[in-house]
Number of protein chains: 2
Amino acid sequence: MVDAAISSGTADRECMFEAFARRLPPGRRYGILAGTGRLLELVRAFRFTDAEIGWLEENAVVRRPTLDWLANYAFSGSIWGYQEGEAYFPGSPLLNVQSTFAEGVLLETLILSVLNYDTSVASAAARMVSVSLGRPLAEMGSRRTGEYSAVAAARAAYIAGFSSTSNLEAGRSWGIPTMGTAAHSFMLLHDTEEDAFRAQVAAFGVGTTLLVDTYDVPTGIALAVAVAGPALGSIRIDSGDLPTVVAAARAQLDALGAVQTRITVTSDLDEHAIAALSASPVDAFGVGTSVVTGSGEPAAGMVYKLVAHKNDSGQWTSVAKTSTAKLSVGGRKTALRRLDSAGIAREEIVQLGDGPEGAAPAPHGGLERELLVPLVQGGVVDERYVGVAGTQRARQHHAAVMQELPIEAFRLGRGDAVIPTSYR
Amino acid sequence: MVDAAISSGTADRECMFEAFARRLPPGRRYGILAGTGRLLELVRAFRFTDAEIGWLEENAVVRRPTLDWLANYAFSGSIWGYQEGEAYFPGSPLLNVQSTFAEGVLLETLILSVLNYDTSVASAAARMVSVSLGRPLAEMGSRRTGEYSAVAAARAAYIAGFSSTSNLEAGRSWGIPTMGTAAHSFMLLHDTEEDAFRAQVAAFGVGTTLLVDTYDVPTGIALAVAVAGPALGSIRIDSGDLPTVVAAARAQLDALGAVQTRITVTSDLDEHAIAALSASPVDAFGVGTSVVTGSGEPAAGMVYKLVAHKNDSGQWTSVAKTSTAKLSVGGRKTALRRLDSAGIAREEIVQLGDGPEGAAPAPHGGLERELLVPLVQGGVVDERYVGVAGTQRARQHHAAVMQELPIEAFRLGRGDAVIPTSYR
């Protein structure tokens, strides 16, 4: 497309692209945007190396003028967007990219890859957090997603309220708190379960978490307390009918005097399994597959569409595909969340015809919150939204946003978006 | 685990780890292993940088002896595995890692991340290929998975029989044939559909593929043929009720004399949608979300377990977790696929108690094919399985393997594994 646009003279036409989701995944009441901080760093660093240009040339993928243009590529446009960690609804204009056609279209795959994946993880993670009743959740799913996606997943889950991750690279890159655990292989490596427990306690002290379900859970718990004493930090249970096993484990620990010993459960948990443990004496959850694969929705369904371009006289023209059910709403947009007097979100208001850089939107009565913030201006990324600080900021923003959602948002049962999206 | 094992003196114990899937995803008749070639390159390059060691030290994640050990880490063990592109069934011993405990356990997350993701894509892709009736499939899902996973997905889909990808980096890194397409944004950028078609034909000639569903499909087709002439290479349709729209498009093209013009369809295709187009005059498919997310199964469910270790007298001891339903079969294993006289697979035979480096397995009658091949020996990777050549080899192996599967394997309806796994 860039190649054809350069040759037809339309590559430099000023455009506005928008990333949005036409709908939420089936049954979901809200989505949580994530990936913005990662994306901004990737956009800033997006360049074509000599090796890449050489490959494109050798394989005649594009022609000389395009090769030259790519070799000098650096995004110089502006990006507005919802803050990372923000809730969103069908049609929420999550990201607005204003640039030449060529600069903006080149980012399409990068923008959608990052936002679709990270958002799918954050949207699932938020549901798990909302049913955890304040008990900490650790992200432990690195092995169930691509090796780079694993780092992104740890970050997205943390933004959505998870407490920690087992992915050390996510700790190093993004400042996410990390935790570790012993697997069954560590137990099986040793000649006896007691040897394994003694080795672990010798290495990490009695505050460690001992995995008690390698052979027989009651025997494992008795042995764990015998080895570490009643000050044992935690036990982990990774299998079995969890409500039953956890209740029995708590009773056994208490009877052994290990009343402060915590119970961590793992074992294919998702939001429904966590909710089913509401009344169980679980102290912490470890979640793997379901969080890193978006709990059944591994791509958030976000699309990136050209919504407007400037004509030769400098006027913005709204554009949209019109043929079928895949409708898009053309035009530049601003977005507001209308809150009631109690501060609860009641409506997502999308105003057409006014770019995010335009005049302040007209008031609609009640309390309203502007949703689009400037992220990149003239190619310069706002530092507040990137790096470790940006990740913390996103987590804090997310926590505040969740307080605004109507209580119906947190029902796991299937339903529609918890607030309507209105176009004005 | 490495830290505790170093301090307990068990880190250097010789171990065998195995990667396998306890079951296929619900309803699937077979799985397709992918990721091996990528994995071998990653294992070979797996080192800890000074920055990483420094972070582990600053954050007191592990202690000094472990830091020193990590700083010198390079995998020196051996790996046997099923060939990339191979079919597998519940319990198939897909990868055997023989090394010290510390060397082997350190690779767990890397091995599972790569194999779970790539295998989920290849397993879905193979089902799509099997119902495509020989018509080419292009992988176009980069924007629906993490930005690095996108490259892996293109490679895995190609191994499983896709013809090409829209991901240029997959072309550059792995030699996958690439293709491109114009999106609706290119159409909308231009003042009229005719301007857009003229720009594209001017850039790429009449052999290009014109996207005809931006406004109205019959009008778009008429215009496309008017602009490019009856030698137009292809049209693409990305929306609507495809069987109906495609039939009408073919009739219209034929009436316009464009009898050689091909019809490419895209639009949330999966194996079921492709099968539903069996009788439609579609010439090529473009598949996005469903292939890169494993068509509902984004992680293949592979696990990595310690199955044996050598005791102090040099004897292998089989080990397995025994507590619950998550059963594993301990011990070193060899694997054979038993074929009938017509060369059709009838049984997956897993022989216990004999490592892959052991004596040749006893014959069971009939034609048998050994499934485990040496991939890494003493830390040295077999070059035949990596890089562009390894990817081509995997694709060819996959094509041969698919000829062996019983015809029932290709039914999309739900069912069990198409051949049984027997332990002997």
Side-chain angles (χ1 to χ4, degrees), chain A residues 1 3-5 7-8 10 13 15 52 55 59 61 101 105 108-110 112-114 116-117 142-150 152 168 171-172 182-186 188-190 199-200 202-204 213-217 239-240 289 293 298-299 305-306 309 319 321-326, chain B residues 1 3-5 7-8 10 13 15 52 55 59 61 101 105 108-110 112-114 116-117 142-150 152 168 171-172 182-186 188-190 199-200 202-204 213-217 239-240 289 293 298-299 305-306 309 319 321-326:
Chain A
M1 285 193 276
D3 197 63
S7 68
S8 79
T10 48
R13 190 169 268 199
C15 287
E52 290 159 347
W55 184 85
N59 291 273
V61 175
F101 175 77
V105 82
E108 176 169 357
T109 298
L110 183 66
L112 289 178
S113 293
V114 172
N116 269 322
Y117 181 69
S142 289
R143 63 197 59 185
R144 305 290 183 219
T145 187
E147 69 276 19
Y148 287 96
S149 292
L168 292 171
R172 193 176 77 90
H184 294 110
S185 62
F186 185 79
L188 296 169
L189 167 69
H190 293 82
Q200 191 175 331
F204 300 117
D213 72 341
T214 307
Y215 303 99
D216 174 73
V217 174
S239 53
T289 310
T293 60
K305 297 293 172 188
L306 179 68
H309 57 72
V319 296
K321 181 184 172 187
T322 57
S323 65
T324 67
K326 280 190 185 176
Chain B
M1 283 193 276
D3 196 63
S7 67
S8 80
T10 49
R13 189 168 269 200
C15 288
E52 289 158 349
W55 184 85
N59 291 275
V61 176
F101 175 77
V105 82
E108 176 169 356
T109 297
L110 183 66
L112 289 178
S113 292
V114 172
N116 269 323
Y117 181 68
S142 288
R143 63 196 61 184
R144 305 290 184 219
T145 188
E147 70 276 18
Y148 288 95
S149 292
L168 292 171
R172 193 175 78 89
H184 294 110
S185 62
F186 185 79
L188 296 170
L189 167 70
H190 293 81
Q200 191 176 331
F204 301 117
D213 72 342
T214 306
Y215 304 99
D216 173 74
V217 175
S239 52
T289 309
T293 59
K305 297 293 172 188
L306 179 68
H309 57 72
V319 295
K321 180 185 173 187
T322 57
S323 65
T324 67
K326 279 190 185 176

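Within every chain, numbering begins at 1; the chains are lettered A, B, ... in the order of the sequence lines, protein sequences first and strands thereafter.
Separation of atoms CD (A:E52) and CG (B:L168) is listed at 10.0 Å; rounding is to 0.5 Å. Distance check, rounded to the nearest 0.5 Å: CG of A:L306 to NE2 of B:H184 gives 12.0 Å.
Contacts of B:F186 with chain A are made by both backbone and side-chain atoms, with heavy-atom separations under 4.5 Å. Residue contact with chain A, scored on non-hydrogen atoms closer than 4.5 Å, is absent for B:A152.
Contacts with chain A were tallied for B:A299, B:A183, B:S185; B:S185 has the most, counting heavy-atom pairs under 4.5 Å. Counting heavy-atom pairs under 4.5 Å between each of B:H309, B:R144, B:R13, B:R172 and chain A puts B:R172 at the top. For the set B:V114, B:N116, B:V61, the entry with the most heavy-atom pairs within less than 4.5 Å of chain A is B:N116. Per-residue heavy-atom pair counts under 4.5 Å with chain B were compared for A:P298, A:A150, A:A199, and the maximum is reached by A:P298. Options B:L188, B:T289, B:V319 differ in how many heavy-atom pairs under 4.5 Å they form with chain A, and the most are formed by B:L188.
Defined by atom type and a distance below 3.5 Å, a donor-acceptor pair is present between the side-chain atoms of A:Y117 and A:T145.
In plain terms, the two heavy atoms of A:F204 and B:A4 that are nearest each other are CE1-CB, 3.9 Å. Nearest approach of A:S113 to B:S142, heavy atoms of both residues: OG-O, 2.7 Å.
Residues that satisfy the side-chain hydrogen bond (donor to acceptor under 3.5 Å, both in side chains) test with B:S8, not counting sequence neighbours, are A:H190, B:T10.
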